[in-house]
Amino acid sequence: GMFANDKEKYLSIESSDNNLNIYLATGASVLTGVVSAYCKTKADSYYRDFQVTNDPATLRKVHSYDTAAGISLAASEIGLFFLSYLLLSR
């Protein structure tokens, strides 16, 4: 067959699983990083609006976007940590 023995087949599958995990960790880190930057930009924009209007509803939006930015930044950091682990454990 394609593989000389079961060990080669296992190593090939293990390697492709590891590569998939690396791609997933990279994608998740980038995506959550982009979401974090977007949310922080929105929060800053709403805060500038709040400074002009002093509207409490606008301030709530600032807090919501800041919270989302913080959570997605934490998720991005976890993804980067996991990616580092995967790359260093090869």
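Note that these values count all heavy atoms, side chains included, but never hydrogens, waters or copies made by symmetry. We number each residue from 1, following the sequence as shown.
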Margin query: Tell me if a side-chain donor or acceptor on S72 pairs with a main-chain N or O of S36 at a distance below 3.5 Å.
Written below: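 Checked: pair present.
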
Checklist line | N/O donor-acceptor pair under 3.5 Å between S84 side chain and L80 backbone | finding: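 Checked: pair present.
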
Check: Ion pair present between D44 and K40, side-chain N to carboxylate O less than 4.0 angstrom?
Finding: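 Looking at K40 together with D44, the answer is yes, because their closest N to O distance falls below 4.0 Å.
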
Nearest 0.5 Å please: distance from the [atom1] atom of [X] over to the [atom2] atom of [Y].
X: L87; Y: T26; atom1: CG; atom2: OG1; value: 7.0 Å
X: L83; Y: Y23; atom1: CG; atom2: OH; value: 11.5 Å
X: L73; Y: I78; atom1: CG; atom2: CD1; value: 10.0 Å
X: D49; Y: L59; atom1: CG; atom2: CG; value: 11.5 Å

Notebook entry, point to check: Between I22 and R90, does a side chain to side chain contact (heavy atoms under 4.5 Å, CB included) hold up when you go through it step by step?
Noted result: CA-CA 11 Å; I22 288 169; R90 293 185 123 187; 3.6 Å; yes

Next item on the list: Could you label the plane-to-plane angle of the Y46 and Y65 rings as parallel, tilted or perpendicular, counting under 30° as parallel and over 60° as perpendicular?
Entry: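 If you compare the ring of Y46 with that of Y65, the planes turn out parallel.
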
Next item on the list: Measure up the F82 and Y85 rings against each other and bin them: parallel (under 30°), tilted (30 to 60°), perpendicular (over 60°).
Entry: parallel

Item checked: Nearest non-hydrogen partners of A25 and G79, listed with the distance -> CB-O, 4.2 Å

Note to self: Quick check on side-chain contact (heavy atoms from CB on, under 4.5 Å): which of L31, V30, V35, T32 does S76 satisfy it with?
What the structure shows: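 By the side-chain contact (heavy atoms from CB on, under 4.5 Å) criterion, S76 pairs with just one of L31, V30, V35, T32: T32.
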
Next item on the list: Answer yes or no: does atom CZ of F50 have more than 12 heavy-atom neighbours from other residues, nucleotides or ligands under 6.0 Å?
Entry: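 Check passes, neighbour count above 12.
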
